[in-house]
Amino acid sequence: MQSPLTRRTLLAGSAAVGAATVLATPQSAVAAGLPAVTAAEAAAAAARPDTGVSAYAFPLTAVRLLTSPFTANAGRTQSYLQFLDVDRMVHTFRLNVGLSSSATACGGWESPSTELRGHSTGHLLSALAQAYASTGDVAYQTKGNQIVTVLAQCQARAATAGFNTGYLSAFPESFIDRVEQRQSVWAPYYTLHKIMAGLLDMHLLAGNAQALTVLTGMAAWVKLRNDRLTLAQRQNMLDTEFGGMNEVLTNLYQLTGDATHLAAAQQFDHAEIFDPLAANQDSLNNYHANTQIPKILGAIREYHATGTTRYRDIAVNFWDIVTRHHTYAIGGNSNGEYFKAPDRIASELSDTTAECCNSYNMLKLTRQLFLTDPARADYMDYYEKALYNHILASQDPSSAHGFQCYYVPLRSGGIKTYSNDYNSFVCCHGTGMESNTKYGDSIYFHDGASTLYVNLFIPSVLTWSARSVTVRQDTSFPEAGSTKLTVTGSGTFTLRIRIPAWAAGAQIKVNGVAFSSPAAGAYATVSRTWASGDIVDVTLPMTLTREATNDNASVQAVKVGPIVLGGLFGTSNLTALPVLDPASLSPTATPLQYTAGVFRWFLSTRRTASDTASIGRSGVRLWSRTTHLTHRWRMPPATGEPPRSRAGRPT
């Protein structure tokens with residue numbers, strides 16, 4: 001789930017709204033100046049509460065983004081969601097069960113011959129549900145409902161097509177036979193996870209009851225398949241990438257209380273990965289990165305469902321290991337999609353670094369860990385780094401449909417390449433649809449009572465209905481190191497404002513009067529009885545710093561606050577790392593632009609016709625550059641890629 005949606009969070013979010021609003025549509029609630037609480041959210045109020053959490057998310061309906069690079073990215077993705085044709089996206093689902101379809105087949109990883117076909121439809125369902133919750137525009141809900149209707153029709157024909165009851169996919173059930181028998185196949189459970197997660201989002205965020213019916217049918221089918229396997233057979237099967245099956249099944253258990261879903265989730269606990277992490281051992285070298293991250297996201301959700309501390313330890317240890325020993329300055333990880341030996345950073349710079357899916361899932365994991373332990377400011381420090389320098393920067397700002405890159409190249413002279421409308425559909429194209437429709441989900445959190453966390457400095461308005469107040473955040477961050485919070489309404493509550501580790505010398509003023517000089521890398525506390533119109537100004541000094549790589553102190557990134565600068569070196573390819581004299585770095589009159597001798601250091605949040613760079617455009621290093629040289633990344637053949645052995649290790 002996007003957040004632990006429990007009875008406590010639902011009641012906290014809607015208590016002050018009143019019974020008449022609980023079942024309000026997003027449109028009617030917005031018209032009344034209130035956050036919408038859908039019928040699905042109201043039903044979810046009866047769900048199992050999460051265990052071991054101290055902070056709670058606001059629903060997407062409670063946060064409205066104000067104009068910023070985030071709304072620009074979201075707008076492009078929303079245009080793409082409106083553009084996509086439903087019949088083309090469900091074409092292979094219909095064919096798989098013998099239903100006719102005259103739609104034009106999609107290309108890329110959704111072509112009728114590609115073994116991963118169907119995964120993008122799951123991503124699309126999540127993106128549509130999130131866009132609906134974020135904007136209240138029923139067009140997204142309607143399109144999502146149309147897709148769910150077709151998927152339900154396809155699932156109803158499972159037996160007719162020769163499949164077990166409940167099976168739903170764009171490929172035949174024999175793909176699962178191949179997984180169980182350890183035969184060559186791409187990643188069928190990975191695809192099923194995306195579909196199941198999309199159905200759950202359509203139910204929770206868009207109020208689609210049919211989506212839950214289809215999802216529970218799929219979950220029962222999963223349990224049927226795995227119950228007939230031995231433990232050894234299941235563990236061997238888990239060597240093939242399966243996405244976050246343990247996550248979505250645990251979320252379904254939390255929603256329904258049906259213990260069979262938890263049992264099914266735990267059948268995807270991968271001992272080869274979990275056991276070393278439970279012992280705080282880094283055994284990630286040569287494992288496929290994005291095969292592992294969703295498993296760990298499932299582990300923290302299993303902790304929240306069961307209270308079993310081993311699951312929590314697995315997730316916390318993994319996060320600490322990856323962020324401290326396997327992460328580039330932009331927050332991304334992996335080279336050629338694989339984790340490498342610990343602390344190999346400078347020695348792993350290539351055209352295929354920082355797969356975007358990895359950061360999408362790392363941010364989801366980080367968010368869950370923050371809910372578990374909101375005292376750790378480093379969780380949201382990392383979230384900020386990866387959000388601005390990787391996720392926000394992974395979209396093509398010159399594309400009307402928000403095309404996504406697969407990798408952010410960190411080789412000197414590397415260049416991003418982007419997806420397209422119908423002939424790409426790579427994994428990062430799908431996660432990009434999701435990332436760009438949920439920017440409001442991690443700016444603010446609450447403790448279920450009287451504490452509000454302000455974690456990210458993104459222009460936005462929060463409606464905190466449980467306290468009958470709104471909080472408006474006005475900021476031009478990261479072009480300026482400051483933000484202003486304006487409270488409308490009154491009452492006694494506490495603001496917990498993240499002071500990033502990079503913000504030494506931060507200052508807080510309340511109504512223009514100095515309040516505190518909080519320490520960096522922690523949360524500042526402002527407790528008072530608030531009056532409508534109270535203003536909190538936060539100053540966050542953004543100094544110029546350099547971050548050395550773990551394995552080579554002379555290889556460094558230039559940063560302003562959390563923002564990594566990219567170097568402009570013209571259009572000639574580079575064969576070696578450029579050398580820069582740090583003493584020559586000098587700011588220009590333009591925020592986040594620096595000069596250094598003959599080099600121009602650049603980062604811009606503005607999009608212009610001549611500026612195809614977005615935040616972090618060229619990467620993370622002193623030597624990164626903007627260029628238009630052709631760069632190609634390998635796509636698996638249309639029939640799928642060779643199976644990864646031993647949980648994603650290369651064969």
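Numbering of residues begins at 1 and proceeds along the displayed sequence.
One N or O on the side chain of Thr353 and one on the backbone of Val408 form a donor-acceptor pair closer than 3.5 Å. Under a 3.5 Å cut-off, the side chain of Lys416 and the backbone N or O of Asp396 do not form any donor-acceptor pair. One N or O on the side chain of Ser584 and one on the backbone of Asp581 form a donor-acceptor pair closer than 3.5 Å. The main-chain N or O of Phe70 is never found under 3.5 Å from a side-chain atom of Asn73 such that the two would form a donor-acceptor pair. In this structure, the side chain of Ser460 engages the main chain of Ile458 through a donor-acceptor pair within 3.5 Å. Judged by distance alone, with hydrogens and angles left aside, the side-chain atoms of Asp282 form no donor-acceptor pair with the main-chain N or O of Ile321 at under 3.5 Å. The main-chain N or O of Asp551 is never found under 3.5 Å from a side-chain atom of Asp343 such that the two would form a donor-acceptor pair. A donor-acceptor pair is defined here as one N or O able to donate and one able to accept, closer than 3.5 Å; such a pair exists between the side chain of Asn389 and the backbone of Val564.
Within the 4.5 Å cutoff, the side chain of Val555 has no heavy atoms near those of the Ile345 side chain. With a 4.5 Å cut-off on side-chain heavy atoms, His326 and Pro342 count as touching. Inter-residue side-chain proximity for Arg76 and Asn436 is flagged as unmet; no heavy-atom pair is nearer than 4.5 Å. Side-chain contact between Thr475 and Val538 is absent, with no heavy atoms from C-beta onward closer than 4.5 Å. Here the side chains of Leu544 and Tyr594 are in contact, with some heavy-atom distance below 4.5 Å. Here the side chains of Leu369 and Phe318 are not in contact, with every heavy-atom distance at 4.5 Å or above. By the 4.5 Å heavy-atom criterion applied to side chains, Thr327 and Met362 are not counted as neighbours. Between Val322 and Phe339 there is a side-chain heavy-atom pair separated by less than 4.5 Å.
Under the 30°/60° scheme for interplanar angles, the aromatic rings of Tyr382 and Trp319 are found to stand perpendicular. Aromatic ring orientation, Phe477 versus Phe457: perpendicular (interplanar angle above 60°, classes split at 30° and 60°).
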Exercise. Test side chain to side chain contact (heavy atoms under 4.5 Å, CB included) on Tyr303 and Ile314 and set out the steps.
Key: CA-CA 10 Å; Tyr303 166 65; Ile314 288 167; over 6 Å; no
- Task: Let me see the working for Thr529 and Thr492 under side-chain hydrogen bond (donor to acceptor under 3.5 Å, both in side chains), right down to the final yes or no.
- Result: CA-CA 4 Å; Thr529 299; Thr492 301; 2.8 Å; yes
Apply the test side chain to side chain contact (heavy atoms under 4.5 Å, CB included) to residues Thr545 and Trp502: give CA-CA distance (whole Å), side-chain angles for both, the deciding distance (0.1 Å), then the verdict.
-> CA-CA 9 Å; Thr545 60; Trp502 51 261; over 6 Å; no
After noting the C-alpha distance and the side-chain angles of Tyr140 and Thr135, does the key distance pass the side-chain hydrogen bond (donor to acceptor under 3.5 Å, both in side chains) rule? CA-CA 9 Å; Tyr140 303 116; Thr135 67; 5.2 Å; no
> What do the steps show when you test Tyr132 against Leu205 for side chain to side chain contact (heavy atoms under 4.5 Å, CB included), and what is the final call?
Replying inline: CA-CA 8 Å; Tyr132 170 63; Leu205 302 178; 5.7 Å; no
Under the criterion side chain to side chain contact (heavy atoms under 4.5 Å, CB included), I'd like the reasoning laid out for Leu392 against Tyr439: C-alpha separation, chi angles, the key distance, then a yes or no. CA-CA 10 Å; Leu392 190 63; Tyr439 284 128; 3.8 Å; yes
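For the residue pair Thr77 / Gln395, a side-chain donor-acceptor distance below 3.5 Å is found, with atom types taken as modelled. Checking Gln404 against Ser419 by side-chain atom types alone, no donor-acceptor pair falls below 3.5 Å. A donor atom on one side chain and an acceptor atom on the other are found under 3.5 Å apart for Gln130 and Thr437.
A salt bridge is defined here as a Lys NZ or Arg NE, NH1 or NH2 lying under 4.0 Å from an Asp or Glu carboxylate O, and Asp351 with Arg411 meets this definition. A salt bridge is absent between Asp447 and Arg496: the closest approach of a Lys/Arg side-chain nitrogen to an acidic carboxylate oxygen does not fall below 4.0 angstrom. Salt bridge present: Asp50 and Arg301 bring a charged side-chain N and a carboxylate O closer than 4.0 Å.
Residues Phe515 and Thr525 approach most closely at CE2-O, 3.4 Å, considering heavy atoms. Across all their heavy atoms, Ala289 and Asn358 have their closest contact at CB-ND2, 3.4 Å. Nearest heavy-atom pair, Ile415 versus Pro409, reported as atom, atom and distance to 0.1 Å: O-CG, 3.2 Å. Considering every non-hydrogen atom in both Ala315 and Leu365, the closest pair reads CB-CD1, 4.3 Å. Considering all non-hydrogen atoms of both residues, Asn361 and Pro294 come closest at ND2-CG, 3.6 Å. Here the shortest heavy-atom pairing between Thr549 and Ala346 reads OG1-CB, 3.4 Å.
The structure places CG of Asn455 at 10.0 Å from CD1 of Ile443, a figure rounded to the nearest 0.5 Å. To the nearest 0.5 Å, the span separating NE2 on His390 from OG on Ser359 amounts to 4.5 Å. If you take SG on Cys428 and OH on Tyr418, they are separated by 13.0 Å, rounding to the nearest 0.5 Å. Atom CG of residue Asn335 and atom OG of residue Ser347 lie 9.0 Å apart, to the nearest 0.5 angstrom. With rounding to the nearest 0.5 angstrom, the CD atom of Glu479 is 9.5 Å from the CD atom of Gln593. Atom-to-atom distance recorded for Leu462:CG and Phe58:CZ is 4.5 Å, nearest 0.5 angstrom.
Checked against side chain to side chain donor-acceptor pair (under 3.5 Å), Asp378 has the following partners two or more places apart in sequence or in another chain: Arg376. Not counting sequence neighbours, Arg312 has no partner by the salt bridge (Lys or Arg N to Asp or Glu O under 4.0 Å) test. The side chain to side chain donor-acceptor pair (under 3.5 Å) search around Gln473 returns Tyr444, Thr483, not counting sequence neighbours. Legend: residues meeting side-chain contact (heavy atoms from CB on, under 4.5 Å) with Pro518, ordered by chain and number and at least two apart, are Ile499, Ala506, Ile508, Ser516, Ala524. Listed by chain and residue number, Arg498 satisfy the salt bridge (Lys or Arg N to Asp or Glu O under 4.0 Å) test with Asp381 (two or more places apart in sequence, or in another chain).
Sorted by first then second residue, the ring-ring contact (aromatic ring centres under 6.0 Å, His included) pairs that include residues 521-556, not counting sequence neighbours, are Tyr453-Tyr523, Phe493-Trp530.
A side chain to side chain contact (heavy atoms under 4.5 Å, CB included) with Ile535 is found for exactly one of Leu485, Asp474, Asn511, namely Asn511.
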